[in-house]
Amino acid sequence: MTHLLIRHARILLPDAQFLLGDVLLQDGKILEVASEIVAPNPSIVIDATGLTLLPGVIDPQVHFREPGLKHKEDLFTATCACAKGGVTSFLEMPNTRPLTITQGALNDKLHLAAQKCLVNYGFFIGATPDNLPDLLTANPTCGIKIFMGSAHGKLLVSREAELEPIFAEGTRLIAVHAEDQTRIIQRRQKFSNIIHPAIHSQIQDEKVALNATKLALKLSNKYQRRLHILHLSTGIETKLLRESKPNWVTTEVTPQHLLLNTETYNRIGTLAQMNPPLRSPENNDILWEALLDGVIDFIATDHAPHTLEEKAKIYPDSPSGMPGVETSLPLMLTQTKLGRCSIPQVANWMSTAVAKAYKIPNKGLIKPGYDADLVLVDLENYTPVRRKDLQTKCGWSPFEGWKLTGWPIITIIGGQIVYERGKLNTDVRGKPLKFE
């Protein structure tokens, strides 16, 4: 039996303290954490001198495009990007083709993932106005995804009369894309003659987000239903949640909404277009405050790639979305160097708190008995985001040119090295996540 021994690492412990020491892995689990461990025979030994060991990132909101939209991304390319970015598990959204709205479609995704994913995987079941039986019985799934706005076709569930039965029946977590579709349509008509992509943030304005978040909270409170509000983007939403956030409600924020804003349109145009849109610089500061004080629970990327050709279309024909799994961890760790947050906070927001919210057992901590999903990062050297280095199939990043630290040097999935110093081991396969 071969062990993997990580030596001389700066290890983040569950109590948010650091230990300079060793971690021993066996059979996909963390066997021992100590200041010094004698290597069993035979063992693979990693010298982690100068590196920091963190629990692997769990990204709870991604769009990996397979099946049906593989020209943008697929499960293999996306999980190569995950491995390079220190993301060891992901939860993927249902707006693929076909939509993930039945047990059969969920089974098909799980089958594809087992063949293609380098990291661990879980999938949402998507709500429609008429698939409540599927939402109640689909298994295994991390939760129900509702597009209250910014969607079309079957996945749009925007009216209270359609939403209420979903909140009223069952106990499964409901995750909402909270935008008011009626207001979006009205404002699209109002601004239909403007083609500058910055108008996107005015069409889908802060009130679009607030209206839908209020409705989701109303229904969650009525039925005391577990609710997760995806990609929070506005200060007025954080104010609402600060005043009244039940203990069964959680929310998240993306690095984009923390670090980019409406001024970004002038720099990268439609590459800055996403849903919900980027907000004013003032909202960046308010979202940071809410993240730091716990109103926002954790971080997700909303990795939603489109090709450069697609993004080059004139607004409003340009699609919304941007990639994120490769850059999220170094972006946030770079913020620790700037004094905006701490390394333990980042690990909590990007791993521990996600595992807790979605009830994923044995993930998110460096602790004996936990799964050996780990990332060794270099916090001393800065490297710019470059297109040529990216693994995502779309081949671009809104953060191109940003100099970041905390890049993964080694990523470990289930005790196996999947990424090491620029090289991927594409023979590694992740496992389906469990949800308690």
Side-chain angles (χ1 to χ4, degrees), residues 2-14 16-26 28-37 39 43-59 79-90 118-120 325-337 342-352 355 363-368 370-383 385 389 391 404-426 428 430:
T2 301
H3 298 76
L4 182 64
L5 178 63
I6 303 167
R7 302 192 64 193
H8 310 308
R10 183 184 179 219
I11 306 161
L12 178 63
L13 300 175
Q17 301 300 308
F18 287 95
L19 170 71
L20 188 61
D22 303 347
V23 177
L24 183 63
L25 314 179
Q26 176 186 301
K29 298 284 186 180
I30 298 169
L31 188 64
E32 185 179 357
V33 180
S35 56
E36 186 175 1
I37 298 171
S43 291
I44 299 168
V45 179
I46 296 172
D47 183 357
T49 302
L51 302 179
T52 298
L53 185 67
L54 303 175
V57 173
I58 305 170
D59 192 333
T79 56
C80 286
C82 284
K84 183 174 177 290
V87 176
T88 55
S89 300
F90 68 82
L118 277 64
V119 305
N120 306 310
V325 292
E326 281 172 90
T327 53
S328 59
L329 183 58
L331 278 167
M332 295 306 300
L333 290 174
T334 299
Q335 296 302 303
T336 71
K337 289 289 195 174
S342 69
I343 295 169
Q345 283 175 317
V346 170
N348 180 59
W349 297 331
M350 301 189 76
S351 190
T352 314
K363 303 281 188 192
L365 292 173
I366 302 176
K367 181 178 179 180
Y370 273 58
D371 294 341
D373 300 330
L374 305 165
V375 58
L376 279 162
V377 299
D378 179 358
L379 285 161
E380 302 305 319
N381 294 295
Y382 286 76
T383 303
V385 179
D389 297 331
Q391 293 292 327
L404 305 178
T405 191
W407 288 99
I409 302 301
I410 295 175
T411 304
I412 296 169
I413 303 289
Q416 299 181 80
I417 299 172
V418 68
Y419 173 82
E420 182 172 10
R421 303 182 188 276
K423 295 183 178 180
L424 289 159
N425 179 359
T426 57
V428 173

Visitor: Could you give the distance from CG (Leu331) to CE (Met350), rounded to the nearest 0.5 Å?
Guide: 8.5 Å

Visitor: Give the C-alpha distance, both sets of side-chain angles, the deciding distance and a yes or no for side chain to side chain contact (heavy atoms under 4.5 Å, CB included) between Asp22 and Ile6.
Guide: CA-CA 5 Å; Asp22 303 347; Ile6 303 167; over 6 Å; no

Visitor: Run the side chain to side chain contact (heavy atoms under 4.5 Å, CB included) check on Val57 and Ser351 step by step: do they pass?
Guide: CA-CA 5 Å; Val57 173; Ser351 190; 5.7 Å; no

Visitor: Please report the shortest heavy-atom distance between Cys82 and Val325, naming the atom on each side.
Guide: N-CG2, 4.0 Å

Visitor: Provide the closest heavy-atom pair for Ile37 versus Leu24 in the form atom of the first, atom of the second, distance.
Guide: CD1-N, 3.8 Å

Visitor: Report yes if the side chains of Leu53 and Leu12 come closer than 4.5 Å at any heavy-atom pair, otherwise no.
Guide: no

Visitor: Could you tell me whether the side chain of Phe90 reaches within less than 4.5 Å of the side chain of Val119, counting heavy atoms only?
Guide: yes

Visitor: With a 3.5 Å distance limit and no angle check, can you tell me whether Ser43 reaches the backbone of Leu4 through a side-chain donor-acceptor pair?
Guide: no

Visitor: List the atom of Tyr419, the atom of Pro408, and the distance in Å for their closest heavy-atom pair.
Guide: CE2-O, 3.5 Å

Visitor: With side chains defined as the heavy atoms from C-beta onward, is the minimum distance between Ile412 and Asp373 less than 4.5 Å?
Guide: no

Visitor: What are the two closest heavy atoms between Ile413 and Gly430, and how far apart are they?
Guide: CG2-CA, 4.2 Å

Visitor: In the structure I gave you, are the side-chain heavy atoms of Leu376 and Leu54 within less than 4.5 Å of one another anywhere?
Guide: no

Visitor: Is the side chain of Glu326 donor-acceptor paired with the backbone N or O of Gln391 at a distance under 3.5 Å, no angle test?
Guide: yes

Visitor: Do you know which of Thr411, Val375, Leu404, Thr334 makes side-chain contact (heavy atoms from CB on, under 4.5 Å) with Leu329?
Guide: Val375

Visitor: Between Thr52 and Ile11, is the side chain to side chain contact (heavy atoms under 4.5 Å, CB included) condition met? List the steps.
Guide: CA-CA 6 Å; Thr52 298; Ile11 306 161; over 6 Å; no

Visitor: For Trp407, which of Asp389, Asp378, Thr383 qualifies under side-chain contact (heavy atoms from CB on, under 4.5 Å)?
Guide: Thr383

Visitor: Just verifying a value: how many Å separate Gln26 CD and Glu32 CD, rounded to the nearest 0.5 Å?
Guide: 11.0 Å

Visitor: Can you tell me how far the CG atom of Asn120 sits from the CD1 atom of Ile58, to the nearest 0.5 Å?
Guide: 9.0 Å

Visitor: To check you understand the geometry: which heavy-atom pair defines the closest contact between Leu424 and Ala83, and what is its length?
Guide: CD2-CB, 3.7 Å

Visitor: With a 4.0 Å cut-off, would you call Asp371 and Lys363 a salt bridge?
Guide: yes

Visitor: What pair of heavy atoms forms the shortest contact from Leu20 to His8, and how long is it?
Guide: CD1-O, 3.9 Å

Visitor: Check whether any side-chain heavy atom of Leu25 sits under 4.5 Å from a side-chain heavy atom of Leu5, and report yes or no.
Guide: no

Visitor: Please examine the side chains of Ile343 and Leu379, heavy atoms only from C-beta on, and report whether any two atoms are closer than 4.5 Å.
Guide: yes

Visitor: Check whether any side-chain heavy atom of Gln335 sits under 4.5 Å from a side-chain heavy atom of Gln345, and report yes or no.
Guide: no

Visitor: Is there a side-chain contact between Val346 and Leu333 (heavy atoms, below 4.5 Å)?
Guide: yes

Visitor: Would Lys337 and Glu380 pass as an ion pair if we require N to O under 4.0 Å?
Guide: yes

Visitor: What do the steps show when you test Val377 against Ile409 for side chain to side chain contact (heavy atoms under 4.5 Å, CB included), and what is the final call?
Guide: CA-CA 5 Å; Val377 299; Ile409 302 301; 5.9 Å; no

Visitor: Using a cut-off of 6.0 Å, state whether more than 12 heavy atoms not belonging to Lys367 lie near its atom NZ.
Guide: no

Visitor: When you measure from the side chain of Ser35 to the backbone of Gly21, do you find a donor-acceptor pair of N or O atoms at a distance under 3.5 Å?
Guide: no

